[in-house]
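First up is the structure itself, then whatever we jot down about it.
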Amino acid sequence: MSAETSFSKAPPAAAVAAADFLDTRLGVAKAVKGLARKLFPDHWSFLLGEIALYSFIVILISGTFLTMFFVPSVAEVRYPMDALPVTMRGQQMSEAFASTLNMSFHVRGGLLMRQIHHWAALVFIGAIVVHMMRVFFTGAFRKPRELNYVIGFSMLIMGLLAGLTGYSLPDDVLSGNGLRITDGVVKSIPIIGSYLSYMVFGGEFPGTDTIPRMYTLHILLIPGLILAMVGAHLFLVFWHKHTQYPGPGRTHKNVVGYPLFPVYTAKAGGFFFIVFGVLALMGATMSINSVWNYGPFDPSLVSAGAQPDWYMLFLEGSLRLMPGAAEVVIGGYTLSLNVLIPAVVVPGVLFTLLGAYPFVEAFATKDTGEHHVLDRPRNVPTRTAIGVAILSAFFVLLGGGANDLLATQFQLSINAITLVFRVLFFVLPFVAFIVTKRICLGLQRKDREVSLHGHETGRVVRFASGEYIEVHQPLDEYERWIRVGHDVYRPLEIEPAEDLNGVRRPGHGKDKIRARVSQFFYQDRVEPVTPAELAAASAHGEHDALPALPADRPSEELDARVH
Amino acid sequence: MSIEHREHVGEVTTTPERFENPGISPHRPRLSDEDPRAAKRAERQTILIFTLSILATVGGIVGYFAFPIQAPSLGNVRMSTLTLGLGLGIGMLGIGVAAVHWAKSLMSDVERVEERHVQRSDDATRAAAVEILSTGAAESNIARRPLLKGALGTALALAPLSFLVPLIGNLGADWNVSKFRHTAWAPVNGKLRRLATDPSDRPIKPSDVTIGSVVHVMPQGLPDEPGYLEEKAKAVVLLIRLDPRDLNEPEDRKDWSYEGIVAYSKICTHVGCPVALYERQTHHLLCPCHQSTFDVANQAKVVFGPAKRALPQLPIALDEEGYLVAQSDFLEPVGPSFWERER
Ligand code: HEM
Ligand code: FES
């Protein structure tokens with residue numbers, strides 16, 4: 001094809017000159033030589049992180065547009081009588097709110113950029129969460145990538161803060177109430193709560209400092225930190241080289257994929273434009289956060305049925321599900337456990353569990369090797385089950401956050417729904433854990449089955465003896481490898497508490513804990529088929545394989561569904 | 001693990017413990033690899049999609065000029081947003097789809113293999129690194145001078161304070177958190193404050209409040225006072241009139257209401273949303289944020305939800321001109337709980 005012809009052609013003189021200019025000053029040829037043919041494995045799930053990255057870039061671009069027209073001040077103004085929208089004319093409002101209206105109605109493309117910015121924010125955090133799920137369920141966090149997992153996890157927290165501060169900027173009724181809830185949560189913190197609240201708001205809620213402060217956090221500090229972490233995150237992806245899914249030819253010591261230039265550049269670069277395009281189309285056609293429908297912030301107003309952005313909904317749900325009785329007064333001091341537990345302790349525990357997970361698992365496996373081939377989730381049933389259990393708790397909280405919608409939608413009593421969710425929050429994770437683990441073990445057994453006996457073909461054959469048999473198509477070695485190639489972990493055996501001379505061995509206590517954790521992880525397992533097992537299976541089950549149908553063995557094919 | 005190709009699984013004389021990696025499966029050529037016409041077709045499709053992107057961008061810019069804002073109308077805002085957005089969206093999407101199509105159909109899809117290198121440095125490098133660091137440490141002479149080490153550490157640890165103390169010290173303004181305890185309902189110079197409507201700031205007579213109705217009120221004149229929003233955020237009150245027979249009042253609060261009219265703080269005792277929805281039949285007030293429900297007939301005690309405490313009641317009375325006034329400030333802090341609330 002054209003590849004050969006372009007190689008034979010001499011590159012244009014201008015390109016040579018430019019390359020020489022850069023190389024003699026920056027030595028770029030070394031970088032090109034080292035990086036341009038670096039290999040990247042291909043899989044759709046590797047796009048999730050890219051979606052997060054690209055929507056962040058879209059956020060930066062659209063956000064820069066917004067900064068040109070947004071005024072981060074709560075100075076009171078009266079909205080002009082000749083401006084749009086008509087409903088806001090003559091109203092008292094902050095400059096922040098007025099400038100948000102102005103940029104939506106009087107700046108061409110302003111509303112578009114606001115909507116793109118907001119949609120991109122929702123997609124950004126959604127993509128981070130799903131990307132994190134991919135990393136979790138495939139074990140991509142294992143050595144040597146634990147630190148990159150921690151960086152990614154910190155970006156999730158930063159993303160939530162970015163969303164929270166951004167949501168507060170337009171100074172409409174919803175954003176004001178979001179801040180008010182933040183104030184209530186901050187005040188519930190023991191001992192220093194009141195002072196923290198003063199620190200956040202520069203005095204009493206709502207104060208005049210909040211919006212300018214949020215603005216600096218939102219457009220400078222938080223994006224700056226995220227950007228730095230994105231840099232470190234991507235550098236480490238390069239440094240470690242990307243993980244790959246299990247498959248023929250893939251090992252922990254190699255990487256199989258396409259070169260950065262040109263294939264990956266075209267695909268990943270192209271994907272940036274796709275994400276940007278989709279976000280722009282969303283911004284063009286789907287209105288979001290139409291703040292003029294809520295009106296300017298007023299501490300006495302609230303809009304019923306308003307929902308926070310989706311990533312805050314779990315906190316809202318958590319606050320809703322907690323019974324009020326938990327608040328106690330001890331020695332004259334108020335401990336608002338009814339707020340502290342749902343808004344601080346529950347997310348704290350959920351996030352700590354997630355953030356610390358790689359280290360917990362490494363503790364259980366006592367595994368020191370490098371891992372570059374991903375796990376199929378079924379092959380690590382306990383991890384998969386833990387992940388699903390955490391997710392199920394998260395979903396119950398989301399449900400709690402939507403309990404008023406559920407109540408009106410399905411004509412149920414809100415009290416009953418709340419009670420059900422309270423129970424589910426404790427019960428569902430256990431059920432999810434057990435069910436997921438069973439499913440994983442079942443899938444592994446199915447893999448063994450298929451590795452030993454081949455695929456069902458749906459063809460049923462009757463032998464002359466009258467015996468019916470379904471024809472099985474044996475796997476080729478590439479297909480089989482995916483099902484038998486993974487490493488198996490078994491519970492760790494610990495050394496006895498005392499050595500041969502009866503002296504207590506130091507570190508035995510820690511080992512005992514480790515053994516227990518390891519038991520929990522790897523007690524129940526299905527091991528992959530070994531060559532010996534396959535040999536045995538094919539020796540006694542010869543007729544399972546596709547028969548050659550010799551003339552002396554007349555047979556009749558039937559539909560498998562009859563069978 | 002090795003990736004050498006294994007010829008005959010199952011025929012080896014000593015069966016290995018585990019299967020061996022069969023190596024990369026053979027490459028299957030695509031239609032466009034073998035058929036020049038298919039390749040040409042893919043090229044044409046790619047060009048077409050790029051062209052679509054170009055047209056969309058041009059269309060978007062035309063939209064910018066076609067829908068000006070000299071005569072602001074909602075229609076223009078809508079059209080401007082739509083045309084610019086479609087231009088940007090299709091413009092970007094076109095580039096992306098074309099590039100990916102190009103990569104998938106015309107660029108080599110042969111997978112390559114590259115070795116990885118372990119992260120751990122080899123022993124010689126590690127030894128050299130340790131050597132360098134210990135030489136440096138020795139040259140700095142720090143090991144034998146613990147006091148120097150301590151002084152360095154302390155100076156480094158303290159230096160940021162010159163930045164942090166003024167920063168944090170100023171963030172909380174006057175740090176006078178006792179302001180949580182007072183609201184604008186406290187009498188000013190001995191004069192009781194009138195209840196007034198919001199936003200028209202008109203004083204209220206009992207006859208303005210019919211049974212079953214709810215009015216949200218503020219101290220009269222508040223909008224002209226300093227710190228208006230902060231004061232309003234604490235002082236908003238719901239005025240509700242019940243049939244006096246439905247009202248269940250304890251002895252010490254009998255004179256806090258006026259002919260079935262009661263006044264309760266509008267700020268939820270959970271985390272501070274304004275309580276909003278009143279149900280006439282049950283006398284329940286519902287906070288839309290997390291659904292705490294307060295029973296107005298029973299001192300606004302919590303009947304459901306995550307709030308613990310009843311809404312604080314504002315004692316009201318009539319002044320000499322027949323307008324409703326607050327007898328005093330609230331007798332407890334309004335809004336969400338905080339650590340030193342009961343002190
Ligand atoms: C890091 C991730 C970010 C997230 C998750 C995020 C999220 C948000 C959200 C949800 C809003 C409310 C928008 C609305 O509907 O009006 C907002 C507003 C805003 N954002 Fe961001 N943002 C991010 C980064 C940025 C950056 C980097 C900039 C500037 C360079 C920026 C500039 C702005 C401005 C000026 C507003 C107020 C405009 C308005 O209210 O219409 N944001 N942001
Ligand atoms: S603020 Fe009222 S229920 Fe939470």
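No hydrogens, no waters, no symmetry mates; every other heavy atom, side chains included, goes into these values. Within every chain, numbering begins at 1; the chains are lettered A, B, ... in the order of the sequence lines, protein sequences first and strands thereafter.
Looking at A:V529 and B:F19, their side chains come closer than 4.5 Å, going by heavy atoms from C-beta outward. The shortest side-chain heavy-atom distance between B:K234 and A:F205 does not fall under the 4.5 Å cut-off. Residues A:I189 and B:W339 have side chains not in contact (no heavy-atom distance under 4.5 Å, counting atoms from C-beta outward).
To the nearest 0.5 angstrom, B:S25 atom OG is 10.5 Å from A:E479 atom CD. In this structure, CD1 in A:I181 is found 4.0 Å from SG in B:C289, a value given to the nearest 0.5 Å. Atom OH in A:Y258 sits 4.5 Å away from atom CD in B:E111 (nearest 0.5 Å). Distance check: A:L111 CG to B:S80 OG gives 9.0 Å after rounding to the nearest 0.5 Å. Put simply, CG on B:L171 and CZ on A:F201 are 12.5 Å apart, with the number rounded to the nearest 0.5 Å.
Checked by atom type and distance alone, the side chain of B:E342 never pairs as donor or acceptor with a backbone atom of A:Y333 at under 3.5 Å. Judged purely by atom type and a 3.5 angstrom limit, A:E370 uses its side chain to pair as donor or acceptor with the backbone of B:Q119. In this structure, the side chain of A:R180 does not engage the main chain of B:C273 through any donor-acceptor pair within 3.5 Å. Within the 3.5 Å criterion, the main-chain N or O of B:I24 finds no donor-acceptor partner in the side chain of A:R250. Of the possible donor and acceptor atoms, one in the side chain of A:N338 sits under 3.5 Å from a partner among the backbone N and O of B:P306. In this structure, B:R18 contributes its side chain and A:V484 its backbone to a donor-acceptor pair below 3.5 Å.
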A:I116 vs B:L88, side-chain contact (heavy atoms from CB on, under 4.5 Å): CA-CA, chis, key distance, verdict: CA-CA 11 Å; A:I116 292 179; B:L88 181 63; 3.8 Å; yes
Intermediate values then yes/no, side-chain contact (heavy atoms from CB on, under 4.5 Å), B:L93 and A:F273: CA-CA 6 Å; B:L93 205 57; A:F273 291 97; over 6 Å; no
Test log, rule side-chain contact (heavy atoms from CB on, under 4.5 Å), inputs A:E204 and B:F180: CA-CA 8 Å; A:E204 280 192 289; B:F180 293 161; 3.9 Å; yes
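Both the backbone and the side chain of B:A233 have a heavy atom closer than 4.5 Å to some heavy atom of chain A. For B:V275, no part sits under 4.5 Å from any heavy atom of chain A, backbone or side chain. Interface remark: A:V275 contributes no atoms to any contact with chain B (heavy atom separation under 4.5 Å). There is no contact between A:D209 and chain B, counting heavy-atom distances below 4.5 Å. Proximity to chain A (any heavy atom under 4.5 Å) is shown, for B:D109, by both the backbone and the side chain. Using a 4.5 Å cut-off between heavy atoms, B:H101 makes no contact with chain A at all. Both the backbone and the side chain of B:Y64 come within less than 4.5 Å of a heavy atom in chain A. Interface remark: B:L286 contributes no atoms to any contact with chain A (heavy atom separation under 4.5 Å). For B:K266, the part sitting under 4.5 Å from any heavy atom of chain A is the side chain, from C-beta outward, and nothing else. Interface residue B:R120: only backbone heavy atoms are found under 4.5 Å from chain A. Interface remark: B:S108 contributes backbone atoms only to the contact with chain A (heavy atom separation under 4.5 Å). In this structure, the portion of A:P528 lying under 4.5 Å from any heavy atom of chain B is its side chain and not its backbone. For a residue to count as touching a neighbouring chain, one of its non-hydrogen atoms must lie under 4.5 Å from one of that chain's; by this rule B:V118 touches chain A with backbone and side chain alike. With a threshold of 4.5 angstrom between heavy atoms, B:V271 approaches chain A through its backbone and through its side chain. With a threshold of 4.5 angstrom between heavy atoms, A:P262 approaches chain B through its backbone and through its side chain. If you measure heavy-atom distances from A:V278 to chain B, the contacts under 4.5 Å come from both the backbone and the side chain.
B:P274 approaches A:S300 most closely through the heavy-atom pair CB-O, 3.6 Å. The minimum heavy-atom distance between A:G270 and B:A99, with the atom names listed, is CA-CB, 3.9 Å. Across B:R116 and A:N254, no two heavy atoms sit closer than the pair NE-O, 2.8 Å. Contact detail for B:R343 and A:G331: the closest heavy-atom pair is NH2-O, 2.6 Å. A pairwise comparison of heavy atoms in B:P16 and A:P531 identifies O-CG, 3.4 Å as the closest pair. Listed here is the closest heavy atom pair of B:T81 and A:G283: CG2-O, 4.3 Å.
Top candidate by heavy-atom pairs under 4.5 Å with chain B, chosen from A:L196, A:D476, A:T182, A:D298, is A:D298. When each of B:H117, B:H216, B:R341 is checked for heavy-atom pairs under 4.5 Å with chain A, B:H216 comes out on top. The most heavy-atom pairs under 4.5 Å with chain B, out of A:I414, A:T334, A:V263, come from A:T334. Interface summary for chain A: among B:P336, B:G272, B:P36, B:A276, the most heavy-atom pairs under 4.5 angstrom belong to B:G272. Ranked by heavy-atom pairs under 4.5 Å with chain B, the list A:G247, A:S197, A:G207, A:S287 is led by A:G207. In terms of non-hydrogen atom pairs under 4.5 Å with chain B, the most contact-rich of A:L39, A:T530, A:L281 is A:L39. Each of B:I267, B:D174, B:N170 has some count of heavy-atom pairs under 4.5 Å with chain A, and the biggest count is that of B:I267. Annotation: maximal heavy-atom pairing with chain B below 4.5 Å, among A:A532, A:G257, A:A325, occurs at A:G257. Your options are B:L238, B:N176, B:L82, B:T269, and the one with the most heavy-atom pairs under 4.5 Å with chain A is B:N176. Contacts with chain A were tallied for B:K104, B:R78, B:E230; B:E230 has the most, counting heavy-atom pairs under 4.5 Å. Ranked by heavy-atom pairs under 4.5 Å with chain B, the list A:I274, A:L112, A:V255, A:V256 is led by A:V255. Chain A forms more heavy-atom pairs under 4.5 Å with one residue of B:Y228, B:F338, B:W102 than with any other, namely B:F338.
A 6.0 Å sphere centred on CD of B:E17 holds no more than 12 heavy atoms belonging to other residues, nucleotides or ligands.
For the residue pair A:S194 and B:E340, a side-chain donor N or O sits within less than 3.5 Å of a side-chain acceptor on the partner. Using modelled atom types and a 3.5 Å distance limit, the side chains of B:S337 and A:E327 yield a donor-acceptor pair.
A cation-pi arrangement is not found for A:R108 relative to B:F67, the charged atom failing to lie both closer than 6.0 Å to the ring centre and inside a 45° cone about the ring normal.
Of the charged side-chain nitrogens involved, none lies within less than 4.0 Å of a carboxylate oxygen, so that B:E115 and A:K253 do not count as a salt-bridged pair. A salt bridge is defined here as a Lys NZ or Arg NE, NH1 or NH2 lying under 4.0 Å from an Asp or Glu carboxylate O, and A:R37 with B:E114 fails to meet this definition.
Ring-plane geometry between B:W175 and A:Y198 is classed as parallel, the angle between the planes falling under 30 degrees on a 0 to 90 degree scale with a further cut at 60.
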